[in-house]
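Counting convention: from 1, in listed order, for ligands and their atoms alike.
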Amino acid sequence: MELRTHSVVLEAEKCKGCTNCIKQCPTEAIRVRNGKAFILTERCIDCGECIRICENHAKKAVATDLETLAHYDYRVALPAPSLYAQFKVEKPEKIIAALYRFGFDEVYEVAFAAELTTCAIQECVENHPKTNAAGPYPLISSSCPVVTRLVQIRFPSLIPNLLPVDPPYITAAKIFLQERLPRLNIPREKVGLFFITPCPAKITDLNNYGQPLVDGALPINLLFGELNSLLPEQGTVQALPLVHHRSGGIGIGWARAGGESWGVNAENALAVDGIQNVARLLEEIELGKFHDIRYIEALACPQGCVGGALTVENPFVARARIQKLAGRDGAHTLSNEVKMMYADLKRQDAHFFTHDKGIPDQSVLRLDRDLAKAIEKLNQLEAILAKLPEIDCGACGSPTCRSLAEDVVQGNAQMTDCLFILREQLEKLARKLLILAQNRPPAMDWANEKEEENDP
Ligand code: SF4
Ligand code: SF4
């Protein structure tokens, strides 16, 4: 089993054991025991749903703090396109200016890298075998790390459908390190590369990438207040000499659901957002549907990355803003600069935009790796489930009756964790106690006679 670090954690002292989060988790990764929640890390896909739902703010994302910026002489911001949707501005340049005012020495737009990623996806889709038999179809974007992880642990049969193209935040960091850093003439350890992220999953993905790419990830909601106060006044954007490769509309559009597939412009593409919708769609693909669809853009957050768990703005408002900004920033075409840079990077390394390491099957939802044992456990599970009320009340601390049955089979819970079973057993015990209480020892039979005499 691959060892991963995670970005979503529980602050136990804030948890009141309310069980609200256990039902929202798409992989049933949360349990509540002894009045506190805990996360089964091997199941967690860092989707952030539990951060959104917890009213006690007991779940949080582990990210970089602002003090870390001071450790570097030269600080580079890699802003996710969704950052642009958080502010009421007419052009992204103002937000980039605010990043400079905040203290970054350079801004390297992830939206620009998204345009190069668009070229890579177009090429992969184009070169993919045209029939499902040689396929497979539909191809599924691996741009959202939550979806990739969900496929790995819950729908491993769909791993071959995942397109092996790195997401834009990985590509942006790689390009900076390869193309820009050597020209800076500053030692690598003095340059701090900071991704500004809308979600915890991208932090996890960067942390587990296999080679260190960035020096930190700053949540959008951590920077928002400060950046908002640093936005330039109407029409007064200062010169921005170190914004490399200003992104066009296609790159900015990646922040919203439908933006990626709009950019890729593949025939017969589909865009889906929201983790439950994505899970339902994957279930249907597993059942053999949608072979006629060529490309699926699947994003875990509502309305796409603009709805990430670490953003600030309402996702619908944010999506509308992105649509406006993307419209302003160019028609449905990639610039010559993008196309030339894509070709150049590919010439240097044919796999620059793709991961050839393969995506491992991380299924943790099977009962046992040994098939015979798995079947035996499944029979036990069904037998236990038959005794449970199947109302999925969650009072036991497991999200469903089925998951409690599974926890019992795996030795992680007891039948009596179910309140109904506990009551049944107490009732049986009470009846036994009553019978025992009425049974007098033979030597005291006179007592029974006396009781009979006293009866009216
Ligand atoms: S981050 Fe998502 S997968 Fe992980 S525990 Fe929270 S809801 Fe479950
Ligand atoms: S949709 Fe975007 S913001 Fe949400 S989890 Fe996926 S990559 Fe992160």
Study note, to complete from the structure: If we number the atoms of ligand 1 from 1 as shown, the ones under 4.0 Å from a heavy atom of Gly48 are 1 (S), 2 (Fe)
Review point. From atom 2 (Fe) of ligand 1 out to just under 2.8 Å, does an N/O/S atom of Cys25 turn up?
Key: no
**Study point:** Numbering as shown, the atoms of ligand 1 that approach Val8 to under 4.0 Å (heavy-atom distance)
**Key:** 1 (S)
Check your understanding: Is a salt bridge present between Asp166 and Lys174, judged by a nitrogen-to-oxygen distance below 4.0 Å?
Key -> yes
Review point. What is the closest protein heavy atom to atom 2 (Fe) of ligand 2, and at what distance does it sit?
Key: Cys305 SG, 2.3 Å
Check your understanding: So, Thr118 and Trp254: side-chain donor and acceptor under 3.5 Å apart, yes or no?
Key -> yes
Exercise for review: Give the atoms of ligand 1, by number and element, whose distance to some non-hydrogen atom of Thr27 is under 4.0 Å.
Suggested key: 3 (S)
Practice item. Check Ala326 against Ile252 and note the closest heavy-atom contact, atom names and distance. Key: N-CG2, 4.2 Å
Review point. With a cut-off of 6.0 Å (strictly less than), are more than 12 heavy atoms of other residues, nucleotides or ligands near CD of Glu267?
Key: no
Exercise for review: Using a strict 4.0 Å threshold on nitrogen-to-oxygen distance, state whether Glu283 and Arg280 make a salt bridge.
Suggested key: no
Exercise for review: Could you tell me whether Asp417 and Arg31 have a side-chain N and a carboxylate O separated by less than 4.0 Å?
Suggested key: no
Study note, to complete from the structure: Taking only non-hydrogen atoms of Pro145 and a 4.0 Å limit, the atoms of ligand 2 in range are 7 (S)
Study note, to complete from the structure: atom 6 (Fe) of ligand 2 has as its nearest protein heavy atom Cys144 SG, 2.3 Å
Point to revise | Option nearest atom 7 (S) of ligand 1 (shortest heavy-atom distance, choices Cys50, Ala300, Ala61) | key: Cys50
Review point. What atoms of ligand 2 come within less than 4.0 Å of a heavy atom belonging to Val146?
Key: 5 (S)
Practice item. State whether Arg402 and Glu28 are salt-bridged, where the test is any N-O pair (Lys NZ or Arg NE/NH1/NH2 against Asp/Glu carboxylate O) under 4.0 Å. Key: no
**Study point:** Numbered atoms of ligand 1 (with element) below 4.0 Å of Ile30, judged on heavy atoms
**Key:** 5 (S)
Check your understanding: Taking NZ, NE, NH1 and NH2 as the nitrogens, is one of them in Glu90 or Lys324 under 4.0 Å from a carboxylate oxygen of the other?
Key -> no
Check your understanding: Near atom 8 (Fe) of ligand 2, is there an N/O/S atom from Cys199 that is less than 2.8 Å away?
Key -> yes
Practice item. Determine, considering heavy atoms only, which of Ile53, Ile51, Thr204, Ile45 sits nearest to atom 3 (S) of ligand 1. Key: Ile45
Point to revise | Electrostatic pair Glu11:Lys14 at N-O distance under 4.0 angstrom | key: yes
Check your understanding: What protein heavy atom sits nearest atom 4 (Fe) of ligand 2, and how far off is it?
Key -> Cys301 SG, 2.3 Å
